[in-house]
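Read through the structure below, which is laid out as structure tokens, and then see the notes.
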There are 2 protein chains.
Amino acid sequence: MLTYTIGEVATRYHMRPSTLRYYEELGLLYDVPRQGGRRVYTAQHLARLSTICCYKNAGMSLEELQEFFRSTESHADPAKTLAILDTVDDRIQSQIAELQANYQQIQRKKHFFLAIQAAQAAGVPQPNWADYAHRHYA
Amino acid sequence: MLTYTIGEVATRYHMRPSTLRYYEELGLLYDVPRQGGRRVYTAQHLARLSTICCYKNAGMSLEELQEFFRSTESHADPAKTLAILDTVDDRIQSQIAELQANYQQIQRKKHFFLAIQAAQAAGVPQPNWADYAHRHYA
DNA sequence: TCTTGACTTCAAGTCAGCTTGAAGCGGTAT
DNA sequence: ATACCGCTTCAAGCTGACTTGAAGTCAAGA
């Protein structure tokens, strides 16, 4: 079975070994066996880590993640897990919507500053932000 | 001219008055006049605050925001402002992409746990995650 | 055998981004 | 007149998420 050292996992997930130890300390990663005192990670752990990163990226705190895993792993109530998944879903969707609005705004600013640059080069009057403030980009 | 108290602005932007004072202390918000010692905000300030929130939401730190405003307000070099806008643009785009991947994953989990729930109710065998792990949702 | 480099634990430290508390002021309502 | 509420400043405190440092272990290569 394919295994990984803490350093390999850290590199693969763009994090530091200390972060992996920290997650283990919090109980987010567990049952990590040791060989000669060193942690040995398998595909199981990588999958778990992917889940952690996914939810974290969605805006969940590490504490919420603990809660989430506690409730799904107790096998108790799929309804509770579903409720948490629903809130994560909501958060992701509103985050995407917000980022897309931010994206539009950045495009407007970019075009505006490009126009400033062009105007400076051509020695013509500066553009007016009002002309850019409501544009919509693809 | 329409003006706002710190409390009104805070409510409108879903933040605390202390945060607005903090941003002012950092120089992100400035030229906020006082009437009888109290801050008076206008549409100008709200626009500025929107910009701050937009960039912050895109992942810029408050320090980067200071840098950004310093460089755009010195009117010096539109090229420098554009360079910063480009990095913000990149960040937003990769964040959106990542969130969309996360969204897919959440949908898979939701459907999986719905299936678990249904299986429990019907008294049939539990579903298999492998059947859900690569599905694609709209 | 010795060195090297990546690992180990544990406690303490760091950093961003606010938040809180104390002490006081201003304008409106009773 | 007095109470009150939301504001003021300033300094200190807090929280989440790691990171760092010290002191030591392990296994592979020269």
Side-chain angles (χ1 to χ4, degrees), chain A residues 2-42 45-46 48-70 88 91 95 98, chain B residues 2-42 45-46 48-70 88 91 95 98:
Chain A
L2 217 39
T3 65
Y4 311 86
T5 68
I6 197 170
E8 289 164 348
V9 177
T11 302
R12 204 181 250 240
Y13 282 81
H14 309 104
M15 44 176 69
R16 306 253 196 125
S18 63
T19 309
L20 290 166
R21 290 189 202 104
Y22 178 59
Y23 285 179
E24 193 175 333
E25 191 185 326
L26 295 184
L28 295 176
L29 284 171
Y30 57 78
D31 286 349
V32 182
R34 319 288 157 125
Q35 269 174 20
R38 277 113 204 267
R39 290 169 177 80
V40 177
Y41 297 88
T42 67
H45 302 108
L46 300 198
R48 172 67 157 216
L49 192 50
S50 297
T51 303
I52 293 170
C53 293
C54 170
Y55 291 13
K56 194 163 127 31
N57 194 38
M60 274 176 92
S61 68
L62 300 185
E63 201 176 339
E64 284 176 304
L65 275 165
Q66 292 178 314
E67 230 272 273
F68 174 76
F69 287 134
R70 235 179 282 126
V88 175
R91 260 195 241 179
Q95 274 196 68
E98 210 170 333
Chain B
L2 217 39
T3 65
Y4 311 85
T5 67
I6 198 171
E8 289 164 349
V9 177
T11 303
R12 204 181 250 240
Y13 282 81
H14 309 105
M15 44 177 69
R16 306 254 196 125
S18 62
T19 309
L20 290 166
R21 289 189 203 103
Y22 178 60
Y23 285 178
E24 193 175 333
E25 191 185 325
L26 294 185
L28 296 176
L29 284 170
Y30 57 78
D31 286 348
V32 182
R34 319 286 157 126
Q35 269 174 20
R38 278 113 204 269
R39 289 168 176 81
V40 177
Y41 297 88
T42 68
H45 301 108
L46 300 199
R48 172 68 157 216
L49 191 51
S50 297
T51 303
I52 294 170
C53 293
C54 170
Y55 292 11
K56 193 163 127 31
N57 194 38
M60 273 176 92
S61 69
L62 300 184
E63 201 176 338
E64 285 176 304
L65 274 164
Q66 291 178 315
E67 230 272 274
F68 174 77
F69 286 134
R70 235 179 282 124
V88 176
R91 262 194 240 181
Q95 274 196 67
E98 209 171 333

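Only this structure's heavy atoms are used, side chains among them; waters, hydrogens and symmetry mates stay out. Note on naming: letters A, B, ... go to the chains in the order of the sequence lines (proteins, then strands), and numbering restarts at 1 for each one.
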Scanning both residues in full, the closest heavy-atom pair of A:Arg16 with A:Ala10 reads C-CB, 3.9 Å
| task | Kindly say whether A:Ile6 contributes a backbone atom to a donor-acceptor pair with the side chain of A:Arg38 at under 3.5 angstrom? | result | no
Should the pair A:Tyr55 and A:Phe68 be assigned to parallel (<30°), tilted (30 to 60°) or perpendicular (>60°) ring geometry?
perpendicular
Tightest non-hydrogen contact, residues B:Leu62 and B:Lys56, listed as CD2-CD, 3.7 Å
| said: Please determine whether a side-chain nitrogen or oxygen atom of A:Thr5 lies at a distance below 4.0 Å from atom OP1 or OP2 of C:dC7. | reply: yes
Here the pair of heavy atoms bringing A:His45 nearest to A:Val40 is CE1-O, 3.9 Å
* **NZ or CZ of A:Arg48 within 45° of A:Phe69 ring axis and under 6.0 Å** => yes
When rounded to whole Å, the CG to P distance for the pair A:Leu65 and D:dA17 reads 9 Å
Within residues 20-33 of chain A, those residues having any heavy atom closer than 4.0 Å to DNA chain D are A:Tyr22, A:Tyr23
So CG of B:Leu49 and OH of B:Tyr23: to nearest 0.5 Å the spacing works out to 7.5 Å
From the candidates D:dA17, D:dT19, C:dT19, the one with an atom nearest any side-chain atom of A:Thr19 is D:dT19
A:His14 NE2 to D:dC18 P, in whole Å, measures 15 Å
B:Glu8 atom CD is separated from D:dC5 atom P, nearest whole Å, by 17 Å
Smallest heavy-atom separation, A:Leu29 atom then A:Tyr41 atom, equals CD1-CE2, 4.5 Å
key: N/O (side chain, A:Arg34) to phosphate O (OP1/OP2, C:dT9) under 4.0 Å   = yes
Ranking D:dC18, C:dT9, C:dC7 by distance to the side chain of A:Ile6, first place goes to C:dC7
Looking only at heavy atoms, the pair that brings B:Glu8 and B:Thr3 closest together is OE1-O, 4.0 Å
When every non-hydrogen atom of A:Leu46 is compared with those of A:Tyr4, the smallest separation belongs to CD1-CE1, 3.7 Å
Expected string for nucleotides 21-30 of chain D under the B/S/- scheme (protein heavy atoms, under 4.0 Å, primed atoms plus P, OP1, OP2 as sugar-phosphate) is ----BBS---
Residues of residues 51-58 of chain B with a heavy atom under 4.0 Å from any atom of DNA chain C, listed by number, are B:Lys56
Here the distance between atom C1' of D:dG16 and atom CE of A:Met15, to the nearest Å, is 15 Å
Closest of C:dT19, D:dT20, C:dT8 to the B:Arg16 side chain is C:dT19
**Request:** For B:Gln66 and B:Leu26, indicate whether the former's side chain and the latter's backbone hold a donor-acceptor pair under 3.5 Å.
**Result:** yes
